[in-house]
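What follows is a single structure, written as structure tokens, with notes after it.
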Amino acid sequence: MERTLERTFDLGKGCDDQVPQRVAFYIGLLEPVFEEPSPHRLVGRERDEAFDFMLERDTSPVELITRRYASIVIFKPYNTCPQICVYCQRNWEIDDVLEHRALADVEKIKRAIEWIGEHPAIKEVLITGGDPLVLSDDGLDKLLQQIAGIEHIQRIRIGSRTPVTLPMRITDDLAGLLAGFRVPGKREVALVTHVEHPYEVTPDLVEVIEKLKSRGISAYNQMVFTFENSRRFEASLLRKMVKLAGIDPYYTFNMKGKEETQRFRVPMARLLQEQKEEARLLSGLDRTDEAVYNVPRLGKNYLRASQHRDLISILPDGSRLYEFHPWEKKMMLQQIFVIPDVPILPYLERLEERGEDPRSYESIWYYY
Ligand code: SF4
């Protein structure tokens, strides 16, 4: 722990004189925040039904594939990660940590890749899971060769948190292997990673990203906005630090879904407030990401596009009830999606328990 923090300080020196002070401030806030996982996360329900809150099966034309947008598919050949996140929207199908049988059956992989090949509208494949970079170099090479062999694929995206959880996995060989599938002007290889907090921007992560970017692989970050990183300035510092490490901030996801994540969830108003107020502290190049609500069955809804949702009611506990509109609503019959948000007052009270001053958040009531 000590070593990691020291190294974070060292990185801070290179960023900005204020960063070490900010990091020291965060360390002070760390103490009593960890909670015991509750047993109901583990037992008593059918995992598939309880956890597939994004209704991925409804948008899966063939096993291992999810298609929510015309030109992009998610391909999930490998269902495990070095770390299983409680808020993961895919852990309804993810196996145990580093489970050795997590690679899908060869026939299923073959069928999924054939299906991509039969659909020329698909230009981009996001390989995720699970974390595909846990696969061996050989296994990954075989998989990528098959995808790169499809003429109409212009971008291969690797969804991986390995640069954070297992940075030593990104060897020179692996970086070279991934870069070998780039064809400038024809096919891009991009890493979409998941850095959650400024603490995770370590020298190891910086080194890994440099290794990939120097070989022409672009890198983007998707942050899940949780109670833990929703406190003032944490997300803005994270954007600044990942950008200095060579990663472009790409999406900030507002949380939803299973009951297991309730303690992590944050009112949508806080994300909107954060992006409005704290964005002023950052250069435009640092604040490139979009705040999104990933609507089950429908895909991403940009929270700054207020015309894409309506606030339709306020419930007795103070939760705001939103109606999300599918973008095709005016062209065909589509179901809307109605969901209550996290009530604001208990959120502010929890922040106060952590030593935050709720008055510094008071404009939150004006965001919806
Ligand atoms: S690293 Fe990503 S895919 Fe793996 S459990 Fe976490 S959120 Fe899910």
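The basis for the numbers below is simple: all heavy atoms, side chains too, and nothing from hydrogens, waters or symmetry mates. Start at 1 and go down the list; that is how both ligands and their atoms are numbered.
For residue C88, an N/O/S atom approaches atom 8 (Fe) of ligand 1 to within less than 2.8 Å. With 2.8 Å as the limit, C85 counts as an N, O or S neighbour of atom 6 (Fe) of ligand 1.
In summary, the atoms of ligand 1 found under 4.0 Å from a heavy atom of C81, numbered by their order in the structure, are 1 (S), 3 (S), 4 (Fe), 5 (S). Heavy-atom proximity to R161, at under 4.0 Å, picks out these atoms of ligand 1: 1 (S).
Salt bridge annotation for E234-R239: absent, with no cationic side-chain nitrogen under 4.0 angstrom from a carboxylate oxygen.
Remark: side-chain polar atoms of K211 are paired, donor with acceptor, to backbone N or O of I170 under 3.5 angstrom.
Side-chain contact check for E124 and S71: no donor-acceptor pair (N or O, by modelled atom type) lies under 3.5 Å.
In this structure, the ring of Y293 has its center less than 6.0 angstrom from the ring center of F324.
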